Amino acid sequence: QVQLVESGGGLVQAGGSLRLSCVASGFSLDDYDIGWVRQAPGREREGVSCISSSDGSTYYADSMKARFTISRDSAKHAVFLQMDNLRPEDTAVYYCGKGLGCNRYLHLLITDFHTWGLGTQVTVSS
């Protein structure tokens, strides 16, 4: 069964860190790009980051550059999103999905990627 499962969310104070995991099953991470999106209450989903399967290129939304780091461990069938210096506005449910076409146009993750997991809640208190 092809699926992605997110974990690692939680409650953290502003300035803290969390490391999200996205574990893949039923397919190889070498064959698909992986992207992260998030959705805050009352807001639309927004692209966060993605990592290319072909060359490992990574892309980040402007507000997350220098704070978030995406990485991939094919042996563990997992993609990670290290989030540092978290802000209250980062509060959202974070989802990972797979597709082809990881690039700087992160809004396209929402329409072009698929097999989204159930998400993991990140709450940042001020």
Side-chain angles (χ1 to χ4, degrees):
Q1 183 180 0
V2 175
Q3 66 176 358
L4 292 163
V5 178
E6 305 94 337
S7 64
L11 173 64
V12 64
Q13 290 187 330
S17 298
L18 285 172
R19 187 188 193 214
L20 305 185
S21 298
C22 171
V23 177
S25 59
F27 69 98
S28 171
L29 289 179
D30 293 336
D31 296 333
Y32 289 92
D33 304 339
I34 298 296
W36 286 92
V37 301
R38 70 185 185 185
Q39 187 164 19
R43 303 189 65 177
E44 295 184 350
R45 285 193 180 189
E46 63 172 331
V48 172
S49 179
C50 64
I51 185 165
S52 169
S53 59
S54 60
D55 61 4
S57 296
T58 58
Y59 298 88
Y60 302 91
D62 288 343
S63 64
M64 298 151 211
K65 287 179 182 176
R67 299 191 301 124
F68 290 10
T69 304
I70 191 170
S71 62
R72 182 181 67 197
D73 187 332
S74 295
K76 294 183 179 180
H77 307 288
V79 170
F80 305 99
L81 185 68
Q82 176 68 39
M83 306 187 298
D84 298 318
N85 193 20
L86 284 161
R87 305 167 180 169
E89 53 265 38
D90 294 318
T91 295
V93 178
Y94 286 71
Y95 303 88
C96 64
K98 70 180 185 72
L100 295 174
C102 171
N103 53 54
R104 59 192 176 99
Y105 302 106
L106 291 172
H107 64 281
L108 293 178
L109 294 178
I110 298 165
T111 54
D112 296 353
F113 279 44
H114 50 86
T115 316
W116 301 102
L118 296 178
T120 185
Q121 175 71 49
V122 171
T123 303
V124 184
S125 63
S126 57

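Just so it is clear, the model here is predicted, and its values are computed rather than measured.
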Contacts of I51 that satisfy side chain to side chain contact (heavy atoms under 4.5 Å, CB included) - sequence neighbours left out: I34, T58, I70, R72, V79
Please report the interatomic distance [atom1]([X]) to [atom2]([Y]), rounded to the nearest 0.5 Å.
| X | Y | atom1 | atom2 | result |
| --- | --- | --- | --- | --- |
| Q13 | S126 | CD | OG | 9.5 Å |
| H107 | E46 | NE2 | CD | 13.0 Å |
| M64 | L86 | CE | CG | 10.5 Å |
| M83 | R38 | CE | CZ | 8.5 Å |
| L4 | H77 | CG | NE2 | 12.5 Å |
| C50 | R104 | SG | CZ | 12.0 Å |

May I ask whether [X] and [Y] are part of the same hydrophobic cluster, defined by side-chain heavy atoms of I, L, V, M, F, W, Y residues being less than 4.5 angstrom apart, directly or through others?
| X | Y | answer |
| --- | --- | --- |
| L81 | L106 | no |
| F113 | I110 | yes |
| Y105 | V48 | no |

Answer yes or no: is there a donor N or O on one side and an acceptor on the other, between the side chain of [X] and the main chain of [Y], under 3.5 Å?
| X | Y | result |
| --- | --- | --- |
| E6 | L118 | yes |
| S52 | S57 | no |
| D73 | A78 | no |

Could you check whether any side-chain heavy atom of K98 comes within less than 4.5 Å of a side-chain heavy atom of H114, counting everything from C-beta outward? yes
Stepwise, does the side-chain contact (heavy atoms from CB on, under 4.5 Å) test hold for V37 with W116? CA-CA 9 Å; V37 301; W116 301 102; 3.6 Å; yes
So, for [X] and [Y], which heavy atoms are closest and what is the spacing to 0.1 Å?
| X | Y | answer |
| --- | --- | --- |
| Y94 | D90 | OH-O, 2.6 Å |
| F68 | Y60 | O-CE2, 3.2 Å |
| S54 | D33 | N-OD1, 4.4 Å |

Do any side-chain atoms of residues 14-32 form donor-acceptor pairs under 3.5 angstrom with protein atoms, and if so which ones, sequence neighbours left out?
from, atom 1, to, atom 2, distance (Å)
S17, OG, D84, OD1, 2.7
S28, OG, D30, N, 3.0
D30, OD1, S74, OG, 3.1

